[in-house]
Protein chains: 2
Amino acid sequence: MNKDRPYSALVQRLKAAGLRPTRQRLALAKLLFEPQSGGDRHITAEQLHAEAVAGAVRVSLATVYNSLHQFTGAGLLREVVVEPGRSYFDTNVSDHHHFYFEDGGRLQDIPGEQVHLEGLPTPPEGTRVARIDVIVRLSDGESEAS
Amino acid sequence: MNKDRPYSALVQRLKAAGLRPTRQRLALAKLLFEPQSGGDRHITAEQLHAEAVAGAVRVSLATVYNSLHQFTGAGLLREVVVEPGRSYFDTNVSDHHHFYFEDGGRLQDIPGEQVHLEGLPTPPEGTRVARIDVIVRLSDGESEAS
DNA sequence: ATTCCACATTAGAATTATTCTAAATTATTG
DNA sequence: CAATAATTTAGAATAATTCTAATGTGGAAT
Ligand SMILES: [Mn+2]
Ligand SMILES: [Mn+2]
Ligand SMILES: [Zn+2]
Ligand SMILES: [Zn+2]
C-alpha cells in the first residue's frame, strides 16, 4: 500500500532484530521475505547471491553469508542441513519438518502440527532439546505396492 | 576364538560386499566394526584416519574416504549429516534416530522401534521414501520445569 | 548540515572438508 | 609365476565457507 516507503516493514523488522537496515541487508531481506512467488523459501548463500546479482543488487558473497547468519541469529531464518557441504536457509521459522528431494536437492515443508513424534527418550541430564529435525529423504521411483 | 585368523569374519563381510579384503580395508573395518569399547560408532573420516595412524596402520586419507563410501554403498555403514561440512559414518545401519550434542559434536543413537512418527504426508507422486532421519539437537542447560 | 565512530561491507586470501588424477602397488586369476 | 584389473596414494584440485584488514556508511550527537 505504501509505494513511497516500500521497505518500511522490512526496515522495522531489521531494527527490531538490532540490525542496521543497510542497503544490502534490506535488499536481501526483500528477496528472502517478499518473494514474487509467495510462500516460504529454502535457499543457499550462493543462490541468494546469484539472485541479488541478477536483480542488479550490488552485494558481496561475504555479506550474503554474514547477513544470513545474522538473520538466523535473530530468529528470522533457520539453517537446515541435509547434505554435507551445503546449508539451506529457511524463511519458515515455525516448528516444521521437511521432505528432501535427493535428486534435485530441493526442500519442501511439512507442517509441524500434523506430525506427531512419540516415544522419544528424555534428553540426558544437563541438556535441553534445542530443536527436532525430521527429514524425509525422497528418491525417484514409485513407492512399493503394499 | 581364532587367534590364527583373527580377521576371517571381516574378510567374509568384505567379500560378501564385493570388496577385496585388502590390508587397508581390513584394518579400517576392524576399527569400525570391532571396537575395543563395544557398541556402535559415529565417526568422521578424519577421526578414523587419526585412529588408524595412531594404531600404526599405514593408510591414506583418500583411502579412508574411499573405504567409508564403499562400505556405505554396501550397506555396512550409513552416512549422517548434522552440521554443514561434516559427515559422520554410523556403524549402526538399522532404522534408528539420533541425539546430537551441539557442543561436543557427538551423536547418540535412539533406537528406532521406540519412536513413533505419525501424520507424515504421503510422498509426492513419482517419489519414494529413501530414509527418515530424526535428529534431536541438544544444547547445554537444564530443561525448563513444566 | 557536518562530524564522528561504531558498525557494516568487501576483495581477496585462507581454511576445511572432500574429491580428483594419474602413477605406483597389490590382490586375484589363469 | 605372469597378466590383469582393482586398489592405494600423494598431491593437486574443488567447493563451501570463513577470515582479514582496509574501506565505506548509518545515524546519533553536535
Ligand atoms: Mn553456519
Ligand atoms: Mn559422501
Ligand atoms: Zn522449511
Ligand atoms: Zn546411529
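Just so we're clear, the structure is a prediction, and the values are computed from it rather than from any experiment. Order of the sequence lines sets the chain letters (A, B, ...), proteins ahead of strands, with each chain counted from 1.
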From [options], pick the nucleotide closest to the side chain of [X]?
X	options	answer
A/Arg20	D/dT17, D/dT8, D/dG26	D/dG26
B/Val59	D/dT17, D/dT9, C/dT10	D/dT9
A/Tyr65	C/dA27, D/dA16, C/dT9	D/dA16
A/Gln24	C/dT18, C/dT10, C/dA8	C/dT10
A/Thr22	D/dT17, C/dT9, D/dG27	C/dT9

Using a cut-off of strictly less than 4.0 Å, decide whether [X] has a side-chain nitrogen or oxygen near OP1 or OP2 of [N].
X	N	answer
B/Ser87	C/dA17	no
B/Arg23	C/dT26	no
B/Ser60	D/dT9	yes
A/His69	D/dT18	yes

Spacing between [X] atom [atom1] and [N] atom [atom2], to the nearest angstrom:
X	N	atom1	atom2	answer
B/His49	D/dT8	NE2	P	13 Å
A/Arg86	D/dT14	CZ	C1'	14 Å
A/Leu61	D/dT20	CG	C1'	16 Å
A/Glu83	C/dT18	CD	C1'	13 Å
A/Leu19	C/dA6	CG	P	19 Å
B/Arg25	D/dT8	CZ	C1'	9 Å
B/Arg58	C/dA24	CZ	P	18 Å
B/Leu14	D/dT7	CG	C1'	13 Å

Any chance the side chains of A/His97 and A/Asp133 put a donor and an acceptor closer than 3.5 Å? no

Relative to the 5' end of DNA chain D, which residue comes earlier, B/Asn66 or A/Asn66, by the nucleotide with the nearest heavy atom? B/Asn66

Would you please classify the geometry between the B/Phe89 ring and the B/His69 ring as parallel, tilted or perpendicular, with 30° and 60° separating the classes? perpendicular

Angle between ring planes, B/His42 versus B/His96, binned at 30° and 60°: parallel, tilted or perpendicular? tilted

Using a heavy-atom cut-off of 4.0 Å across all strands, would you classify A/Thr63 as base, sugar-phosphate, or nothing? base

If two hydrophobic side chains count as joined below 4.5 Å and joins carry through other members, does A/Leu48 share a cluster with A/Leu10? yes

Contacts of B/Glu46 and B/Lys15 projected onto DNA chain C by closest heavy atom; the upstream (5') one is B/Glu46

Minimum heavy-atom distance between B/Ala130 and A/Glu102, given as atom pair plus value: CB-OE1, 4.0 Å

